[in-house]
K.L.:
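For reference, the structure I am asking about is given below.
Letters A, B, ... mirror the listed sequences (proteins, then strands); counts begin at 1.
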Protein chains: 2
Amino acid sequence: MKRYSGQTRMLVAVDCIIFGFDGQELKLLLIKRGFEPEKNKWSLMGGFVQPDESFETAAASVLHQMTGLEGVYMEQLLAFGEPDRDPVERTVSIAYFTLIDINQSKLQLSDNYHAEWISLHELPGLIFDHSHMVEMALEKLRYKAAIHPLLFELLPSKFTIPQLQILYEAVYDVTFDKRNFSRKVLSTGLLVKQKDKDKLSSKRGAFYYKLDKRKYNAKFNAFLNFVTDPGNLK
Amino acid sequence: MKRYSGQTRMLVAVDCIIFGFDGQELKLLLIKRGFEPEKNKWSLMGGFVQPDESFETAAASVLHQMTGLEGVYMEQLLAFGEPDRDPVERTVSIAYFTLIDINQSKLQLSDNYHAEWISLHELPGLIFDHSHMVEMALEKLRYKAAIHPLLFELLPSKFTIPQLQILYEAVYDVTFDKRNFSRKVLSTGLLVKQKDKDKLSSKRGAFYYKLDKRKYNAKFNAFLNFVTDPGNLK
DNA sequence: GCAAAAGTGTTATCACTACACCCATGG
DNA sequence: CCATGGGTGTAGTGATAACACTTTTGC
């Protein structure tokens, strides 16, 4: 059996929407595109899928090239395929979104791509349909994090409850009552209190917590209602 | 600007996972594949994406060819792209899932494809990775319908509350208390009681309801908790 | 000793679960 | 008149939201 005849073949790429959190704001890792067309315009990091590569492998390799990281949280967002989304030739793109701890020691941004963390409130225009991809990724992040304990992927392995609250507030652009917030997150049973405190952001210091990995894996897919009806999510 | 050089181009297809409900069971519309390889094996309906077609257009056209229907509920599930998923040559598939009213008058199954409605409990093995696609589609249907008023797409425009309950029970493979069920669905405010009754399934007859289209569109994306934590959904 | 952030408890409301009986009708 | 499925109400429980004061400590 040869090939399917009379059909058009297309380029297939992956693009990565990479979220990070610096303790205050939600950020996106963007690059300045290194080749024509749209050279030097802001862009998501991406790459063509190679003949023997799965999408996941391709996306992980893009992420690895750019950040040096492996094994981080990554999920397929959607396939984008408008016929004219890339003016050069028809290219379908499988978008992946990724959550990483912006301060982790292994993170080493490659110099090759002029990558920068950019606040979601200060996003420049992006090439092709990348702005649309970012919009969809943010929507999905908000949707999913309202129900699943997802945002921990953006924090270091030791974090305080006030830090966690700032993160949720940044993602949903709201404020929460800290008494209710801490009761809710502690009631999930996912957090283990540590003996030491973070003294950087207050004189008194705030206790560190770690995720209980067993429970985290077990409960990841349960509906946890981290945020109750934050607006009108999809 | 010419084309990107040195990259491999691939076939791109769409496959449709088509759900229907016959009043008792959840069903899938499958065809017997009409060409090699795997000719005459059970398969999802699909087709190659044409050079000037978006994925949505391609999927809608596949559905139209097969059922005569237009404008039905359709949503991208995921892109599938393992290098060897199609033994003939590398083909990526964008899977769409669709909900249709199995009894609607416009539904006209094309003879060309030997299409049949098959109960989810009696699924045959499917070609390629289609069984995996079905699994993922069912998971997504359950996930989404637990939170959003999605399953109405499987019913005729006039339906009774007992019919709706049977549908939810079929999707989640559980039984609900009918008092609690009707209170919950009525409390959404999405249903408008009609004056006439369905007398087919009982002597007393059950009142028909219709969706309030305004509220349906407005509330579709709100979190409605149609089903409270049915197991451990993703 | 004071400014700044951490930590904690109570009350009212609401949504959910479990559960049992009467109603309308066709045969 | 009876069998079948339709329709409704209540009480107990658990989760949520609103709300204010005390603790710690670096300066």
K.L.:
Does C:dG26 have its OP1 or OP2 closer than 4.0 Å to a side-chain nitrogen or oxygen of B:K199?
P.N.:
yes

K.L.:
Only one of A:L99, A:I100, A:L164 forms a side-chain contact (heavy atoms from CB on, under 4.5 Å) with A:L154, so which one is it?
P.N.:
A:L99

K.L.:
How long is the line joining CG of B:L224 and C1' of C:dC16, in whole Å?
P.N.:
15 Å

K.L.:
When you measure from every atom of DNA chain C, which of residues 156-166 of chain A have a heavy atom less than 4.0 Å away?
P.N.:
A:P162

K.L.:
Picking from B:D196, B:D198, B:D101, what satisfies salt bridge (Lys or Arg N to Asp or Glu O under 4.0 Å) with B:K158?
P.N.:
B:D196

K.L.:
Evaluate the criterion ring pair (Phe, Tyr, Trp, His ring centres under 6.0 Å) for residue pair B:Y168 and B:F181; output intermediate values, then yes/no.
P.N.:
CA-CA 10 Å; B:Y168 273 89; B:F181 183 83; 5.7 Å; yes

K.L.:
Take atom NZ of B:K197 and atom C1' of D:dT4, then tell me their distance rounded to the nearest Å.
P.N.:
14 Å

K.L.:
Would you jot down, in residue-number order, the residues of residues 176-183 of chain B having a non-hydrogen atom under 4.0 Å from DNA chain D?
P.N.:
B:K178, B:R179, B:R183

K.L.:
Give a yes or no on whether a donor-acceptor pair under 3.5 Å exists between the nucleobase atoms of C:dA6, that is its base, and the side chain of A:R204.
P.N.:
yes

K.L.:
Within this structure, what is the CZ-to-P distance between B:F207 and D:dG6, rounded to whole angstrom?
P.N.:
13 Å

K.L.:
Walk me through it: do A:F80 and A:F128 pass the test ring pair (Phe, Tyr, Trp, His ring centres under 6.0 Å)?
P.N.:
CA-CA 11 Å; A:F80 292 79; A:F128 303 169; over 10 Å; no

K.L.:
Judged by each residue's nearest nucleotide on DNA chain D, which is more toward the 5′ side, B:K203 or B:A206?
P.N.:
B:K203

K.L.:
Rounded to the nearest angstrom, tell me the gap between atom CZ in B:F226 and atom C1' in C:dA15.
P.N.:
15 Å

K.L.:
Rounded to the nearest Å, what distance is computed from the CG atom of residue A:D198 to the P atom of nucleotide D:dG26?
P.N.:
13 Å

K.L.:
May I ask you to check if A:K193 and A:Y209 form a cation-pi contact, with NZ or CZ under 6.0 angstrom from the six-membered ring centre and within 45° of the axis?
P.N.:
no

K.L.:
Would you mind telling me which of A:Q76, A:M133, A:E75 makes a side-chain contact (heavy atoms from CB on, under 4.5 Å) with A:Y96?
P.N.:
A:Q76

K.L.:
Given ring pair (Phe, Tyr, Trp, His ring centres under 6.0 Å), test A:Y73 with A:H148 step by step and report yes or no.
P.N.:
CA-CA 13 Å; A:Y73 184 88; A:H148 303 290; over 10 Å; no

K.L.:
Using distance alone, with no hydrogens and no angle criterion, decide if B:S119 and B:E25 have a side-chain donor and acceptor under 3.5 Å apart.
P.N.:
yes

K.L.:
Just how far, in rounded Å, is P of D:dG26 from CG of A:L200?
P.N.:
13 Å

K.L.:
Charged N to carboxylate O below 4.0 Å: is that the case for B:E70 and B:K106?
P.N.:
no

